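Accompanying notes for the structure given below.
Throughout, a chain's letter reflects where its sequence line sits, starting with A, and its residues are numbered from 1. From a predicted model like this one, the values you see are computed outputs, not experimental measurements.
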2 protein chains.
Amino acid sequence: MEPKIIPDIVVGRLPIYLRALQRMLQEGKPVTSSQELSERLGISAAQIRKDLSQFGEFGKQGTGYNIEFLHEKLRQILKIDRMWDLVVVGAGDIGSAVARYQGFEDRGFRVTMIFDNDPKKIGTQIGPFTVLDAANMVDTIRSNGIQIAMIATPAVQAQAVADELVKAGIRAILNYAPLNINVPEGVHVQHTDPLTHLQRMTYYL
Amino acid sequence: MEPKIIPDIVVGRLPIYLRALQRMLQEGKPVTSSQELSERLGISAAQIRKDLSQFGEFGKQGTGYNIEFLHEKLRQILKIDRMWDLVVVGAGDIGSAVARYQGFEDRGFRVTMIFDNDPKKIGTQIGPFTVLDAANMVDTIRSNGIQIAMIATPAVQAQAVADELVKAGIRAILNYAPLNINVPEGVHVQHTDPLTHLQRMTYYL
DNA sequence: TAGATTGTTAATCGATTAACAATC
DNA sequence: TAGATTGTTAATCGATTAACAATC
């Protein structure tokens, strides 16, 4: 059993395949093909087949892929066939919207706490959550064994928050702050920033 | 004068460089180097130099890059040395947060309208905006000559909204709906979805 | 001058695509 | 069986890196 290394760029496409499959499930389709997925997603059929075949033989020649089966396999591969708890740091507009967002629960993620360091915000209610004091953040996260966090603070605080999160045992960070954060080996960061996306498109206008 | 074609992946890194330069400007630094940028961003110095050199000779041997100069050059290249109007479609949690977000204005983008098709939402106030009836969307966008839109509707409506936006003359779409949308050649789409980012990280946990 | 850093070339590395035997 | 589509190999394409002359 060799531990085959999967390129990160392939891993990054799996959630996209998963999203399409989820949609097809809702539509009640039983099977699909690399070609159909290709048309929906704008990714070549050869690449889709190659990506999927890195993890196993999920299709049938002549028929294609059973949607329910492939969907379940991808959930297992991405380890979202379980529930992941996560915390939100920063109770501003973005943090509040994230904490209230309903779309996580049925996709394997559950917001469990939201922190802020502003005395005016601590103790207030955001959806089902009471905003917690960031001063207790490290201990609280650690004692709950939480591994995933979202940073939704202003840019100036983001790096300090990231350092604390790492201390607390967090291993995956989704960063909403408009700033690159540096973390040690083994901690994963994904950056999400509407401005970056917009600026990338204006180049072509 | 050959119209050199710049790879999309290079264009995609320019906003990241710009963000770092903006930060250095705030810190009051006068010059930087490809190596310093490399350390901040986790992108190799050679690649940074190569990317920048596609657009001109912005640095000085032995010295590096003048931050203010390079910052301005990148703004010109990305065409954000001007103000772009944009519209938001969907006045739910995400649409509201986006419409209220303060960070666009000083980065070249200005939200000018927000649309929804829910009678309960039309006419209500979100930050400085009154929610407009989506029924008039195409005409309103067209007559204002707006080229950029953000889709923040539920997934089921996103494709139909995208079709309308294209009809209205929109040429760049930032899509918050958890679904791939298809658009004609020449229209640019960027997708932003926290779930996709999270799912990509759990693979490594 | 000595040291530093760019812009650029050539070499390497990795990702995508085309093609097709296998087979449902 | 005939038609369709997978999984996989080899070929192509493109992106990244290493190295260094040029020069500030």
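- Close to C/dT6, at under 4.0 Å from its OP1 or OP2, lies a side-chain N or O of B/Ser34.
- Candidate nucleotides C/dT16, D/dT5, D/dT16 were compared by shortest atom distance to the side chain of A/Ser33, and D/dT5 ranks first.
- In DNA chain D, runs of at least 3 consecutive Watson-Crick or G-U pairs, each pair with both distances below 3.5 Å, span C:3-24 with D:3-24.
- In this structure, the side chain of B/Ser38 engages the main chain of B/Ile43 through a donor-acceptor pair within 3.5 Å.
- Rounding to whole angstrom units, NZ of residue B/Lys50 and P of D/dA15 are separated by 9 Å.
- At a cut-off of 3.5 Å, with distance as the only test, no side-chain donor of A/Tyr101 or B/Asp93 sits close to an acceptor on the other residue.
- Whole-Å rounding puts the A/Asn66 CG to D/dT6 P distance at 13 Å.
- One interatomic measurement links the two molecules: CG of B/Leu52 to C1' of D/dT16, which rounds to 15 Å at whole-angstrom precision.
- Listed nucleotides C/dT8, C/dT6, D/dT16 differ in distance to B/Gln47; the shortest reach to its side chain belongs to D/dT16.
- Look at CG on A/Asp51: it is 13 Å from C1' on D/dT8, rounded to the nearest Å.
- Within the structure, the ring pair (Phe, Tyr, Trp, His ring centres under 6.0 Å) test picks out the following pairs touching residues 155-196 of chain A (sequence neighbours left out): A/His188-B/Tyr204.
- As a whole-Å value, the separation of B/Asp8 CG from D/dG14 P is 13 Å.
- When the P atom of D/dA4 is taken as reference, atom CD of A/Gln35 falls 11 Å away, rounded to whole Å.
- Going from atom CD1 of A/Ile6 over to atom P of C/dG14 covers 15 Å, rounded to whole Å.
- Of the residues near DNA chain C, A/Arg13 and B/Gly62, the one whose nearest nucleotide (by heavy atom distance) lies more toward the 5' end is B/Gly62.
- Using a 4.0 Å cut-off between a side-chain N of Lys or Arg and a carboxylate O of Asp or Glu, B/Arg40 and B/Glu27 qualify as a salt bridge.
- With D/dT17, D/dT5, C/dT8 as the choices, the nucleotide that has an atom nearest any side-chain atom of B/Ser44 turns out to be D/dT17.
- Side-chain atoms of A/Arg107 and B/Gln199 include no donor-acceptor pair closer than 3.5 Å.
- A sub-4.0 Å separation between OP1 or OP2 of D/dA4 and a side-chain N or O of A/Tyr65 is absent.
- Between A/Arg49 and D/dT6 there is a side-chain polar atom (N or O) within less than 4.0 angstrom of OP1 or OP2.
- Taking every heavy atom of both residues into account, B/Val187 and B/Ile173 meet most closely at CG1-CD1, 4.4 Å.
- Figure legend: cation-pi geometry between A/Lys79 and B/Tyr203, with NZ or CZ positioned under 6.0 Å from the six-membered ring centre and within 45° of its axis.
- As a whole-Å value, the separation of B/Ile9 CD1 from D/dG14 C1' is 9 Å.
- The side chain of A/Gln61 lies closest to C/dA22 when the candidates are C/dA22, D/dT23, C/dG7.
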